[in-house]
Amino acid sequence: MLNDSIKYIRSKVTSQPTVGIVLGSGLGDFGEQVVDPVIINTRDVPNYPVSTVHGHSGKLIFGTIRDDKRCSAQLLVFQGRVHFYESNSLERVIYPIDVANALGVTTLLITNAAGGINRLFQPGDLMLIRDYINLTYENPLIGRGIRAGERMAGCFHEGLLKDALTAAKELHIPVQEGVYCWTKGPTYETASEIRMMQRLGADAVGMSTVPEVMTAAHFGMKVLGISCITNMATGITGQRLSHDEVTETANMAKAHFTSLVREIVLGLR
Ligand code: HPA
């Protein structure tokens, strides 16, 4: 099944990506950073799960990112992802990670939009994910030949996190660090659920990323996670943002996100 997808992709692309980038909701524009891209529509890839959320499929973008002095490793950028709430199938959610692994990806940058739980956060903040809480208790690795307790749950790579912090400092981009809590969705949380998550130690909440991180870590990939705090979670502030403020925040976050991810990718060894 995966073989058919890989065969198709290899028939269209000759580059051998080593770095994968999963772009979260609202962060898809980052794909435009790729120079001389080879783009594949996921709907054309045999067996590739197609997102139902926006009524259109995602894209796989192959190429590199460059500045005047540096050129990145060969990249595979995933524009658009499938969420668990679309189908109740984790196999579909982690399919892109299976593809990345089969194509030779060894480093994964995974991004998402998340609600801020930590009261020190503000919409527009970027949060480097230090750890996660899997509040769904779903596990994508069931059936993949792991004996109970044989492995730790998926972890983020210490070195990559450090590199990301250094890159942010150099660029004067303020970043937060924190714990991401995965919920199934599709509904947002109640105020009481958010209070519970806060007590459990979560800094942000969202409906993605954790199954992909678990799978990538299982494959031995080095994983970095970045959340874009698009809103404060239910009940955290009574305040409503005006539309202008939201647009402004989103645009600022996007500019910071693009600069930071570019710098991280260009600095990867
Ligand atoms: N909750 C869950 N998922 C989200 C949120 C939120 O507040 N914001 C963006 N994704």
Side-chain angles (χ1 to χ4, degrees), residues 21-30 51-54 58 78-88 90 92-94 96 109-138 140 154 156 175-214 224-243 245-258 260-261:
I21 304 177
V22 178
L23 298 175
S25 309
L27 302 170
D29 289 355
F30 183 82
S51 171
T52 54
V53 172
H54 308 291
F78 295 90
Q79 211 177 38
R81 66 143 66 84
V82 170
H83 292 85
F84 187 52
Y85 58 75
E86 291 177 56
S87 66
N88 218 32
L90 280 175
R92 289 168 57 87
V93 172
I94 62 171
L109 264 70
I110 184 155
T111 69
N112 59 52
I117 294 178
N118 187 322
R119 289 180 183 278
L120 300 175
F121 291 3
Q122 288 177 347
D125 277 354
L126 298 178
M127 181 187 91
L128 302 175
I129 309 177
R130 195 163 13 87
D131 201 359
Y132 65 73
I133 295 173
N134 178 357
L135 215 54
T136 72
Y137 290 96
E138 298 284 348
F156 295 94
V175 285
Q176 309 281 3
E177 263 181 272
V179 175
Y180 176 91
C181 183
W182 176 35
T183 63
K184 279 188 192 179
T187 46
Y188 276 1
E189 304 70 34
T190 66
S192 302
E193 285 166 345
I194 294 298
R195 276 196 299 276
M196 173 191 73
M197 291 176 200
Q198 202 167 30
R199 285 179 186 146
L200 293 177
D203 297 292
V205 57
M207 304 172 194
S208 69
T209 302
V210 171
E212 293 105 304
V213 168
M214 294 175 84
L224 176 72
I226 306 176
S227 289
C228 178
I229 307 297
T230 51
N231 59 283
M232 294 313 284
T234 312
I236 292 289
T237 57
Q239 218 176 317
R240 265 183 184 271
L241 287 173
S242 75
H243 182 66
E245 272 176 67
V246 170
T247 316
E248 219 169 89
T249 323
N251 283 338
M252 195 178 79
K254 248 188 219 175
H256 279 172
F257 175 82
T258 301
L260 181 62
V261 177

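We use all heavy atoms of the structure for the numbers below, so side chains are in, but hydrogens, waters and symmetry mates are not. When a ligand or atom number is given, it counts from 1 through the structure's own listing order. For clarity, every value in this text was computed on a predicted model and none was experimentally measured. Along the sequence shown, the residues carry numbers beginning at 1.
Interface of Gly206 with ligand 1, defined as ligand atoms under 4.0 Å from a residue heavy atom, comprises 2 (C), 3 (N). Short contacts between ligand 1 and Asn231, defined as distances under 4.0 Å to a heavy atom of the residue, involve ligand atoms 5 (C), 6 (C), 7 (O), 8 (N), 9 (C). Remark: ligand 1 atoms within the under-4.0 Å shell around heavy atoms of Val205 are 1 (N), 2 (C), 3 (N), 4 (C), 5 (C). Numbered from 1 in the order shown, with element, the atoms of ligand 1 that lie under 4.0 Å from a heavy atom of Thr230 read 8 (N), 9 (C).
Looking at atom 5 (C) of ligand 1, its nearest protein heavy atom turns out to be Gly115 N, 3.4 Å. Of the protein's non-hydrogen atoms, Glu189 OE2, 3.1 Å is the one closest to atom 2 (C) of ligand 1. Among protein heavy atoms, atom 10 (N) of ligand 1 sits closest to Ala113 O, 3.4 Å.
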Subject >> Test log, rule side chain to side chain contact (heavy atoms under 4.5 Å, CB included), inputs Arg81 and Val22 >> reply: CA-CA 8 Å; Arg81 66 143 66 84; Val22 178; 3.5 Å; yes

**OP:** List the steps, then state whether side chain to side chain contact (heavy atoms under 4.5 Å, CB included) holds for Lys184 with Tyr137.
**Re:** CA-CA 10 Å; Lys184 279 188 192 179; Tyr137 290 96; over 6 Å; no

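The proximity of Ser25 to ligand 1, defined as any non-hydrogen pair under 4.0 Å, does not occur for either the backbone or the side chain.
Pro123 has its side chain out of reach of Asn231: every pair of non-hydrogen atoms, C-beta onward, lies at least 4.5 Å apart. Residues Met196 and Leu135 have side chains in contact (heavy-atom distance under 4.5 Å, counting atoms from C-beta outward). Under the 4.5 Å side-chain criterion, counting only non-hydrogen atoms from C-beta, Trp182 is not in contact with Thr209.
In this structure, Glu86 does not pair ionically with Arg92, as no charged nitrogen and carboxylate oxygen lie closer than 4.0 Å.
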